[in-house]
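Remember, predicted model here, so these are calculated numbers, not experimental data. Counting starts at 1 for both ligands and their atoms, in listed order. The residues of the chain are indexed from 1 along the displayed sequence.
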Amino acid sequence: MVYIFIKIMPKKRTYKSKEKKITNRQILEEIIRVDHAGEYGATRIYDGQIAIFGKDSKLGKTIKHMADQEQEHIDKFNELILEHRIRPTALLPLWNIAGFALGASTALLGEKAAMACTVAVEKVIGEHYQEQIELLKDDHKDLKKTISKFRDDELEHHDIGIEHDAENAPGYKLMTKVIELGCKTAIAISKKI
Ligand SMILES: [Fe+2]
Ligand SMILES: [Fe+2]
């Protein structure tokens, strides 16, 4: 008997439309809206911490370094929101108060607790930025670059928190879980509202 094996090679798919290379407008809007909100919240968290520690204390200076980078981030997103004509989240007044309260309350618990707050927030933001880099297509290469740079800054902030003994804060595990959950909720809401 003769057996004939026919190997069916999967045909290489070709995409005629340019759809694959163009970022969906709704995704772009959500990315810029939520990042603008998040960076604003970040500046308020560090404002809250600096209000407790003072900007001239040793830890205050470290926090000021991170706060200055957050200011660069929010300045950039302020530009992008205008450039792309994107409505900012309606919840900025809430993030103003909630961010400051989170920063100040963790700082009142002590230096390690403040750093634990940084670790939790920056971990979520770093991961969030990484997801966005993967969502953006070739039509937004500059934005991808910007977000990559900011992701690196956020991960540096995360590492600063670890270096300052965040993990030895009382109740570190519970506190970081609660803050992470809060950040993820804020992200989900700020994309839409
Ligand atoms: Fe930032
Ligand atoms: Fe940060």
* Run the ring pair (Phe, Tyr, Trp, His ring centres under 6.0 Å) check on His84 and His140 step by step: do they pass? -> CA-CA 11 Å; His84 295 279; His140 288 291; 5.6 Å; yes
* Asked: Between the side chains of His164 and Glu111, is a donor N or O closer than 3.5 angstrom to an acceptor N or O?
  -> no
* To do: Answer with yes or no whether the side chains of Asn78 and Asp75 bring together a donor and an acceptor at under 3.5 Å.
  => no
* Regarding Gln132 and His128, is there a side-chain donor-to-acceptor distance under 3.5 Å anywhere? -> yes
* **Closest approach to the Fe ion (ligand 1) by His73, given as the N, O or S atom name** => ND1
* Please work out the angle at the Fe ion (ligand 1) defined by atom OE2 of Glu39 on one side and atom OE2 of Glu154 on the other, rounded to 10°. => 80°
* Assess the side chains of His158 and Glu163: does a donor N or O sit below 3.5 Å from an acceptor N or O? => no
* Asked: Within less than 2.8 Å of the Fe ion (ligand 1), any N, O or S from His157?
  -> no
* Can you name the N, O or S atom of Glu122 that is closest to the Fe ion (ligand 2)? -> OE2
* Asked: Within Glu70, is some N, O or S atom less than 2.8 Å away from the Fe ion (ligand 1)?
  -> yes
